[in-house]
Amino acid sequence: MYRSNVMVCAGTGCTSSKSLEIASTFEEELKKNGLEDEVSVVRTGCFGLCALGPIVIIYPEASFYSLVDIKDVPEIVVEHLKNGKPVTRLLYDETVGEDGYIKSLDETEFYKKQMRISLRHCGVIDPEEIKEYIGMGGYEALGKVLTSMTPEETIQTVLDSGLRGRGGAGFPTGLKWKFASQSVSDEKFVLCNADEGDPGAFMDRSILEGDPHSVIEAMSIAAYAIGATQGYVYVRAEYPIAVKRLEVALKQAREYGLLGKNIFGTDFSFDIEAKLGAGAFVCGEETALMASIEGLRGEPRPRPPFPAIKGLFAKPTTLNNVETYANIPEIINRGADWFKSIGTEKSSGTKVFALGGKIKNIGLVEVPMGTTLREIVDEIGGGVPDGHTFKAAQTGGPSGGCIPASLIDTEIDFDNLISIGSMMGSGGLIVMDDTTCMVDIAKFFLEFTVEESCGKCTPCRVGNQRLLELLTKVTDGRATMEDLDRIKELSAYIKENSLCGLGQTAPNPILSTLHYFENEYIDHIQNHHCEAGVCKALLTYKIEEDKCVGCSLCARNCPVDCISGEIKHPYSIDSSKCIKCGVCMDKCKFGAVVRV
Amino acid sequence: MVKVGGKPMTLEELAKIRAEMKDTLSVRLEGHNQALADEAGISNDQAK
């Protein structure tokens, strides 16, 4: 037994900041100090507070080292692990009390309102060591259902828990399983959707990176429940660490006989294969995903028939996303009532959000359903930085909508979000401040959708392109109020007539911003004015003569040489050449350059 | 369709692994365990 564990985040975020080199340096320094038999280094999944990465947590005292640099490692090893004195100046400042006492992580604003169910093992275990997962109670839920529960009882437990799919629409998971179980076929499939495509969302990636066995165990439970013998995890190739850890976990599960024939000595046999996707957003749609696994072009097909009747290879299939599956073992082990007691009446359990945008604590958070947006943004997220004010939050990515500041006390769950014109989606939560133009945000998401449309149906392929052209007229100051009516009319048509969820939800960011921020659209159209100062076509930079001292700093930094003048005399900008990059304004030390 | 896996594990074997891992994992399970930290000789004083 090691007296201390050095937990190094080896998720994608921290890895990109050299956390793997930091882990290796810890091992080297421990050896130099003769501590290699007393202290172990564990490479884990994500701790959540990505903004402070690379993160190292040392147990048993849970000292939280943030923004760790390789050169800090020798000092931490000598001072903390050899001499027994944590290096306070390198600790996350919120964990150090006024008296110098190191606080528990659970006492910090970021963690204290969180409840980790899906992320329960992320940052706690080595995801490439199956024994650590088993040590935490892993595969006990699978053993329980195989040896003491019928498939019907298993489905009923999931139904009773109230678990709803975390991938977007929030369909009851138990009901999905029930439909698939009722289909009669010689072969059925269980699929995991790890094709996480929403901009800013990375919770599924983090679960696969930090706790892949929880997904494997849950898929096995689903397979037992519906009578499947083969599963596939459809994961994007853009997630190399997640793919690698999943492959390692699958191999270990087979070696331990937890995948394969006669699992736990029963008649149940099941195996899982990882299928890599090429990153098309539409392949997150269930029928397109199945087409891609079949080797066909990733395009959706009309429903019905639904996958529970005719899915992969035309066989009954159930499909859930990574986060949904990660809840299953806990529901089996702790019971439906336990899960149902968390969250709201119609949305039980927790939800993981990827916090991003204009917020201090960028990262992954898991909170009970019903937590307010204010708690997530102001308390857990640490609020909007740099003195700016909260303007809105976007949930649901390109399919979702904006929640304005006036609704910041909304309790977040599936139904509340839909009632205010947004949706849960997979859990991306992008915070926007007063420097954000809501028309530009709607345009950003529509550009994404146009790029990702598979082109199979006309409303999505052509309609969204026309919609984007209309929005561009608004941001360029060329639109009329009639164009605004056309935007509304076309949005409704696209929603009504597109083939799949991608097209049906593509206008949501526009409709949502129109609903809450129509004044900004009108300001762009009628006044040719962008209050946030984002839409370049509506901006002009000029130099105020009474403030300009003629230092020439603006002219020397202008990338297109459109600023001229004489030293110690006011300079001027040639608007016909200006590309509105704003460098002059950033560089001026006298506030002489203004944006109008 | 099912590939040849290892020998099926029994529930007893699963429980045995869990028991074996108890000590290894206990160090990090308490989150902030000053009692264990004291045993390990870790002070909660600031490093000078």
Side-chain angles (χ1 to χ4, degrees), chain A residues 1-5 7 38 40 42 57-63 75 79-81 83-89 96 100-107 124-125 130-132 134-140 143 147 187 229-230 253-266 269-271, chain B:
Chain A
M1 177 183 170
Y2 294 98
R3 67 168 165 85
S4 291
N5 290 166
M7 317 295 285
E38 297 176 43
S40 70
V42 183
I57 298 182
I58 298 181
Y59 287 107
E61 62 277 23
S63 300
E75 184 181 1
E79 291 300 323
H80 186 148
L81 294 163
N83 297 334
K85 291 185 175 180
V87 187
T88 312
R89 70 176 172 80
V96 184
Y101 195 86
I102 300 168
K103 291 192 284 185
S104 162
L105 290 180
D106 293 339
E107 294 174 55
V124 178
I125 64 170
I130 191 172
K131 282 188 175 180
E132 295 213 353
I134 293 173
M136 300 293 288
Y139 289 105
E140 285 191 3
T147 59
E187 193 173 28
T229 53
Q230 179 66 38
R254 289 189 196 109
E255 287 169 357
Y256 277 67
L258 294 164
L259 284 175
K261 290 183 176 175
N262 304 113
I263 298 170
F264 284 118
T266 67
S269 299
F270 181 63
D271 201 3
Chain B
M1 190 68 84
V2 173
K3 294 172 184 171
V4 177
K7 184 180 158 225
M9 179 178 280
T10 63
L11 287 175
E12 291 71 29
E13 287 168 333
L14 191 76
K16 192 176 168 193
I17 294 173
R18 187 174 184 185
E20 286 170 0
M21 294 301 291
K22 190 178 174 186
D23 284 347
T24 301
L25 295 171
S26 65
V27 177
R28 63 184 98 142
L29 286 186
E30 297 299 322
H32 182 81
N33 191 333
Q34 194 53 45
L36 272 176
D38 289 341
E39 276 181 31
I42 305 293
S43 152
N44 209 330
D45 298 331
Q46 289 186 50
K48 304 300 179 197

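Scope of the values below: all heavy atoms of this structure, side chains included, with no hydrogens, waters or symmetry mates. Throughout, a chain's letter reflects where its sequence line sits, starting with A, and its residues are numbered from 1.
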Per-residue contact mode, [X] against chain B (heavy atom under 4.5 angstrom):
{"X": "A:Thr147", "result": "side chain"}
{"X": "A:Tyr2", "result": "backbone"}
{"X": "A:Glu140", "result": "both"}

To the nearest 0.5 Å, tell me how far [X] [atom1] sits from [Y] [atom2].
{"X": "B:Arg18", "Y": "A:Met136", "atom1": "CZ", "atom2": "CE", "answer": "8.5 Å"}
{"X": "B:Leu14", "Y": "A:Phe264", "atom1": "CG", "atom2": "CZ", "answer": "4.5 Å"}
{"X": "A:Ile134", "Y": "B:Lys16", "atom1": "CD1", "atom2": "NZ", "answer": "13.0 Å"}

### Nearest atoms (heavy-atom pairs only) where A:Gly265 meets B:Pro8
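Distance-wise, the nearest heavy atoms are N-CB, 3.8 Å.
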### Query
Of the listed residues (A:Ser40, A:Gly143, A:Gly138, A:Gly135), which shares the most heavy-atom pairs with chain B below a 4.5 Å separation?
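So the answer, after comparing A:Ser40, A:Gly143, A:Gly138, A:Gly135, is A:Gly135.
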### Message
Tell me which one of B:Leu25, B:Thr24, B:Val27 satisfies side-chain contact (heavy atoms from CB on, under 4.5 Å) with A:Met1.
### Response
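Exactly one option meets the side-chain contact (heavy atoms from CB on, under 4.5 Å) with A:Met1, and it is B:Val27.
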### Message
Less than 4.5 Å apart, side chain to side chain, heavy atoms only: is that true for A:Val42 and B:Arg28?
### Response
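A side-chain contact under 4.5 Å exists here.
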